[in-house]
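Step one of this worksheet: look at the structure below.
Any value given below was found using the heavy atoms of this structure, including those in side chains, with hydrogens, waters and symmetry copies removed.
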Amino acid sequence: MARTKSSSQWLRRHVTDPFVKQAQKDGYRSRSAYKLTELDQRDKLFRPGMQVMDLGSAPGGWSQVAGRLVGAKGRVLATDILPMDPLANVDFIQGDFTDEAIVQQIHDWLQGTKFDLIVSDIAPNITGIDSADQASSMYFLELALDTVRKTLKPGAAFVAKMFQGEGSDAYLKELRKSFEKVSIRKPAASRPESREVYIVAKGFRDT
């Protein structure tokens with residue numbers, strides 16, 4: 001099957017991407033690991049011994065970073081509808097994090113506690129139709145926020161990818177109802193031409 005012009009451009013950009021090359025050298029599963037690393041360096045998100053959830057974790061780039069940063073005394077729970085190979089300091093639940101059975105597995109894992117930090121680099125399958133892709137992206141963020149409100153400790157933080165566009169301003173307004181401070185970041189590993197940004201929400205108010 002012949003490649004389309006856009007897929008050929010993506011492949012060429014991917015192969016020459018310095019973050020892709022660095023990820024291969026450092027043993028990371030994806031270039032996205034550097035996005036979370038930079039966010040942590042700027043916003044001091046992680047500390048040893050934390051309990052962290054990674055929503056939409058496959059192939060595991062963010063879980064890999066989280067597992068290393070929380071250390072042997074920390075715990076990371078990753079979840080995705082796709083399979084993910086094992087990682088040190090990371091437990092994995094495969095399935096839809098909004099499904100009742102998966103929600104129960106998450107609560108069983110927590111054993112009556114809550115998360116110190118929830119991160120999400122989740123993105124919908126891209127259709128190429130901007131309005132539909134944006135709507136899907138915002139829907140995932142709304143689902144993530146619902147999970148955050150149920151499982152995050154008071155005072156804790158939430159980090160997520162967001163595509164700027166229809167619905168993003170309204171989402172930020174809603175997020176500010178639950179967090180003391182909400183910041184927008186654009187890590188160096190996030191391609192300049194992308195509408196992708198990262199939300200860093202701190203000081204969760206469990207109301």
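- Considering only residues two or more places apart in sequence or on other chains, Ala160 meets the side-chain contact (heavy atoms from CB on, under 4.5 Å) condition with Ser120, Leu141, Phe158.
- Annotation: the span from Arg75 atom CZ to Thr113 atom OG1 amounts to 6.5 Å, rounded to 0.5 Å.
- Looking at heavy atoms from C-beta onward, Asp121 lies out of side-chain contact with Leu36 at the 4.5 angstrom threshold.
- Nearest heavy atoms, Ser57 versus Met84: OG-SD, 3.4 Å.
- Note that CD of Gln105 and CG of Asp99 are 9.0 Å apart. Values are rounded to the nearest 0.5 Å.
- Looking only at distances, a side-chain donor or acceptor of Glu38 sits under 3.5 Å from a matching main-chain atom of Ala188.
- Under the rule for a side-chain contact (heavy atoms from CB on, under 4.5 Å), the partners of Lys181 that lie at least two apart in sequence or sit in another chain are Ser183.
- In terms of heavy-atom proximity, Gln134 sits nearest to Glu166 at NE2-O, 3.2 Å.
- Between the side chain of Arg195 and the main chain of Gln164, a donor-acceptor pair closer than 3.5 Å is present.
- Taking NE2 from His107 and OG1 from Thr151, the interatomic distance works out to 7.0 Å, rounded to the nearest 0.5 Å.
- One hydrophobic cluster, built from ILVMFWY side chains closer than 4.5 Å, cannot hold both Leu145 and Val103; they sit in different ones.
- Panel note: side chain Ser190, backbone Lys186; no donor-acceptor pair is recorded below 3.5 Å.
- Remark: Phe97 engages no residue in a ring pair (Phe, Tyr, Trp, His ring centres under 6.0 Å) (not counting sequence neighbours).
- A donor-acceptor pair is defined here as one N or O able to donate and one able to accept, closer than 3.5 Å; such a pair exists between the side chain of Lys202 and the backbone of Asp43.
- Judged purely by atom type and a 3.5 angstrom limit, Asp54 has no side-chain atom pairing as donor or acceptor with the backbone of Trp62.
- Residues Leu45 and Val200 share a closest heavy-atom pair of CD2-CG1, 4.0 Å.
- When every heavy atom of Ser63 is checked against every heavy atom of Leu87, the shortest pair comes out as CB-CD1, 3.8 Å.
- Contact annotation: the side chain of Thr79 approaches that of Leu55 to within less than 4.5 Å [non-hydrogen atoms, C-beta and beyond].
- Side-chain atoms of Glu196 do not come within 3.5 Å of backbone N or O of Phe163 as any donor-acceptor pair.
- Residues Ile199 and Val182 form a side-chain contact, since some pair of their non-hydrogen atoms from C-beta on lies under 4.5 Å apart.
- With respect to the salt-bridge test (charged N to carboxylate O, under 4.0 angstrom), the residues Lys173 and Asp169 do not qualify.
- Between Val90 and Ala78, the shortest heavy-atom contact is CG1-CB, 3.9 Å.
- To the nearest 0.5 Å, atoms CD1 (Ile106) and CG (Asp91) are separated by 12.0 Å.
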Legend entry - side-chain contact (heavy atoms from CB on, under 4.5 Å) assessment of Met50 paired with Leu69: CA-CA 9 Å; Met50 287 180 81; Leu69 292 173; over 6 Å; no

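- In this structure Gln41 satisfies the side-chain contact (heavy atoms from CB on, under 4.5 Å) test together with Thr37, sequence neighbours excluded.
- For Glu180, the side-chain contact (heavy atoms from CB on, under 4.5 Å) test picks out Arg205, with sequence neighbours left out.
- The ring pair (Phe, Tyr, Trp, His ring centres under 6.0 Å) check on Phe92 picks up nothing, with sequence neighbours excluded.
- Counting all heavy atoms, side chain and backbone alike, Arg149 lies closest to Ser178 at NE-OG, 2.9 Å.
- Taking 4.5 Å as the limit, some side-chain heavy atom of Gln51 sits within range of a side-chain heavy atom of Trp109.
- Counting only heavy atoms from C-beta outward, the side chains of Pro187 and Tyr198 approach each other to under 4.5 Å.
- Not a single donor-acceptor pair under 3.5 Å links the side chain of Asp116 to the backbone N or O of Val52.
- Between Tyr171 and Glu142 the shortest side-chain heavy-atom distance falls below 4.5 Å.
- Transitive grouping of hydrophobic side chains (ILVMFWY, heavy atoms separated by less than 4.5 Å) keeps Val119 and Ile81 in distinct clusters.
- Atoms CG and NZ, on Asp206 and Lys114 in that order, are 4.5 Å from each other to the nearest 0.5 Å.
- A tilted orientation is assigned to the rings of Phe204 and Phe179, their planes being inclined by 30° to 60°.
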